[in-house]
Amino acid sequence: MEDKNILGKFSLEGKIALVTGGSYGIGMAIAKALAYAGAKIAFNGRRANLIADAEKEYASLGINAKGYVFDITNEADVQKFIPQIEKDFGGSIDILVNNAGIIKRIPATDMTVEEFRQVIDIDLTGAFIMSKAVAPGMIAKGGGKIINVCSLMSELGRETVCAYAAAKGGLKMLTRNLACEWAEHNIQVNGIGPGYIATPQTAPLREKQADGSRHPFDQFIIAKTPAARWGTPEDLMGTAVFLSSEASNFVNGQILYVDGGILAYIGKQPK
Ligand code: NAP
Ligand code: GCO
């Protein structure tokens, strides 16, 4: 007999969630969503001051989130902090959100190999390092959820973001491969593909012009988005809860795009 308490399938009560890059932006919104659904929240970042500020913001919302200062690309630190987090929270991590990421907007001809490698290291390799570190605990526990924050750039390209698009395209395939490898352990690995979201990362693309007009890229995205608006971090909260909960237990290796319709749209006919 199926359980009629369908909303209960979205509950995260008693779960331990780790959100990378949870000091602000999309990571903070996702962490709040998981907390509102009942999860206990750990998060990380590289800047202690932002971690401290974020803990205060979470606390002001009644969320007892604990922040940890480490870089997801530093495997030794990750191997040190995951057991520390599990000790602090009294159990292994149930939900990992690989949100931390950077972008460099540089023409390929001008981008140094070091700059390219830095983006790949954080946006792709960092997710592998984190997933590899939490998987043993999830396997021992009988299951878990890993959510990789991909991007429209997992599917599409544009000028000046070659490293980022390569990383996010790779993250889509890492998601699919880890989903295949760990499904037998009841670990579901999926991705969220945000469209253009108003956060510090995209602030340069929305800066008002000297004459007070909207940034050309801002106008471009509004025109390219059927919903005719930038997304907000809050637009991602429901999808994050779904992919973190038992409601998605038969969803494996999928990227759910939360993009206002951009990927479905060829664009308006010029007036
Ligand atoms: P953001 O505002 O730049 O925030 C990035 C977060 O990641 C910060 O908390 C940052 O904190 C942390 N971080 C960066 N590198 C890190 C590292 N090596 N180790 C640990 N933490 C690190 O970005 P966002 O817009 O919220 O985006 C979050 C994720 O969504 C990223 O993966 C991004 O690629 C993706 N995304 C964004 C959009 C968008 O339109 N905004 C769309 C699609 C996908 P510290 O710098 O203090 O470490
Ligand atoms: C850019 C933007 C995008 C967004 C996002 C789109 O410069 O084009 O930063 O890359 O961050 O990834 O989904």
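All ligand and atom numbering here is 1-based and tracks the order in the structure.
- Residue G21 has at least one heavy-atom neighbour below 4.0 Å for each of these atoms of ligand 1: 6 (C), 7 (O), 9 (O), 12 (C).
- Judged by the 6.0 Å distance and 45° axis criteria, K66 is positioned over the aromatic ring of Y68.
- Checked against T175 for a side chain to side chain donor-acceptor pair (under 3.5 Å), the options N252, N98, N148 give a single hit: N148.
- Against a heavy-atom cut-off of under 4.0 Å, A100 is close to the following atoms of ligand 1: 7 (O), 13 (N), 21 (N), 22 (C), 32 (O).
- In M153, neither the side chain nor the backbone holds a heavy atom less than 4.0 Å from any atom of ligand 1.
- Taking all atoms of both residues into account, the shortest heavy-atom contact from A179 to G253 is CB-N, 3.4 Å.
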For a ring pair (Phe, Tyr, Trp, His ring centres under 6.0 Å) check, start with the C-alpha distance between F217 and Y196, then their side-chain angles and the critical distance, and finish with the verdict.
CA-CA 11 Å; F217 196 89; Y196 278 83; 5.6 Å; yes

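- For ligand 2, the atoms closer than 4.0 angstrom to any heavy atom of R105 are 1 (C), 2 (C), 7 (O), 9 (O).
- By the 4.0 Å N-to-carboxylate-O rule, K172 lies close enough to E155 to be salt-bridged with it.
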Go through the steps to decide whether D235 and R229 satisfy the test salt bridge (Lys or Arg N to Asp or Glu O under 4.0 Å), and finish with yes or no.
CA-CA 12 Å; D235 285 318; R229 68 175 175 88; 2.8 Å; yes

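- Taking each of V69, I72, N74 in turn, the one with a heavy atom nearest to atom 19 (N) of ligand 1 proves to be I72.
- Residue-to-ligand polar distances keep S151 apart from ligand 1: every N/O pair is separated by 3.5 Å or more.
- In terms of polar-atom proximity, L50 is not counted as a contact of ligand 1, lacking any N or O under 3.5 Å from an N or O of the ligand.
- Nearest heavy-atom pair across A17 and L34 is CB-CD1, 3.9 Å.
- Each of the atoms 19 (N), 20 (C) of ligand 1 lies under 4.0 Å from some heavy atom of F70.
- Atoms of ligand 1 found under 4.0 Å from any heavy atom of C150, numbered from 1 in the order shown, are 43 (C), 44 (C).
- With 3.5 Å as the limit, one finds a donor-acceptor pair spanning the side chains of T202 and R206.
- Listed by number with element, the atoms of ligand 1 under 4.0 angstrom from any heavy atom of N44 are 20 (C).
- Under the 4.5 Å side-chain heavy-atom criterion for grouping Ile, Leu, Val, Met, Phe, Trp and Tyr, I102 is connected to I129 within one hydrophobic cluster.
- Judged purely by distance below 3.5 Å, without hydrogens or angles, the side chains of S60 and E57 never pair a donor atom with an acceptor atom.
- Here's the thing with T73: none of its N/O atoms is less than 3.5 angstrom from an N/O atom of ligand 1.
- When only non-hydrogen protein atoms are considered, atom 16 (C) of ligand 1 lies nearest to R46 NE, 3.4 Å.
- Scanning the protein for heavy atoms near atom 11 (O) of ligand 2, the closest one is Q201 OE1, 2.7 Å.
- Contact annotation for T160 and ligand 2: no heavy atom of the residue comes within less than 4.0 Å of the ligand.
- Across every non-hydrogen atom of I85 and A42, the tightest pair is CG2-CB, 3.8 Å.
- The nearest pair of heavy atoms linking S131 to I146 is OG-CG2, 3.9 Å.
- Taking any N or O of T202, backbone or side chain, none lies under 3.5 Å from an N or O belonging to ligand 1.
- Put simply, part of K168 is less than 4.0 Å from ligand 1, judged by heavy atoms.
- At least one N or O atom of I26 sits closer than 3.5 Å to an N or O atom of ligand 1.
- For ligand 1, the polar-atom distance check against R47 finds a nitrogen or oxygen pair separated by under 3.5 Å.
- Looking at atom 6 (C) of ligand 2, its nearest protein heavy atom turns out to be G195 O, 3.4 Å.
- Distances from atom 5 (C) of ligand 1 to the heavy atoms of G195, G25, G101 show the closest one on G101.
- By the rule that hydrophobic residues join a cluster once side-chain heavy atoms approach within less than 4.5 Å of another member, V251 and V258 end up as members of one cluster.
- When hydrophobic clusters are built by joining Ile, Leu, Val, Met, Phe, Trp and Tyr residues whose side-chain heavy atoms come closer than 4.5 Å, directly or via intermediates, I72 is grouped together with F116.
- Side-chain contact, K141 with N186: no donor N or O sits under 3.5 Å from an acceptor N or O.
- Between I197 and ligand 1, at least one N/O pair is under 3.5 Å apart.
- Within the 4.0 Å heavy-atom criterion, the part of L205 lying near ligand 2 is the side chain and not the backbone.
- Short contacts between ligand 2 and Y164, defined as distances under 4.0 Å to a heavy atom of the residue, involve ligand atoms 5 (C), 10 (O), 11 (O), 12 (O).
- Side chain to side chain, K104 and T160 fail the donor-acceptor criterion of an N or O pair below 3.5 Å.
- For atom 2 (C) of ligand 2, the nearest protein heavy atom (residue, atom name, distance) is Y196 CE2, 3.3 Å.
- The N/O atoms of Y196, backbone and side chain alike, include none that comes under 3.5 Å of an N/O atom in ligand 1.
- Against a heavy-atom cut-off of under 4.0 Å, M153 is close to the following atoms of ligand 2: 8 (O), 10 (O).
- Counting only N and O atoms by type, the side chains of E181 and N177 include no donor and acceptor under 3.5 Å apart.
- Heavy-atom proximity to atom 31 (C) of ligand 1, evaluated over N99, V149, D77, L171, is greatest for N99.
- Close approach of ligand 1 to D71 is summarised as follows: ligand atoms under 4.0 Å from at least one heavy atom of the residue are 17 (C), 18 (N), 19 (N).
- Partner of E115 under the side-chain contact (heavy atoms from CB on, under 4.5 Å) criterion, chosen from I120, D110, I106: I106.
- Heavy-atom contacts from other residues, nucleotides or ligands closer than 6.0 Å to CD of Q209 number more than 12.
- When heavy-atom distances to ligand 2 are checked against a 4.0 Å cut-off, R158 comes that close only through its side chain, counted from C-beta outward.
- Geometrically, ligand 1 and Y164 share a nitrogen or oxygen pair separated by less than 3.5 Å.
- Closest to atom 5 (C) of ligand 2 among all protein heavy atoms lies S151 OG, 3.6 Å.
- Residue contact check: I122 has heavy atoms under 4.0 Å from atoms 15 (N), 18 (N) of ligand 1.
- Near T199, with a cut-off below 4.0 Å to any heavy atom, the atoms of ligand 1 are 2 (O), 24 (P), 25 (O), 41 (N).
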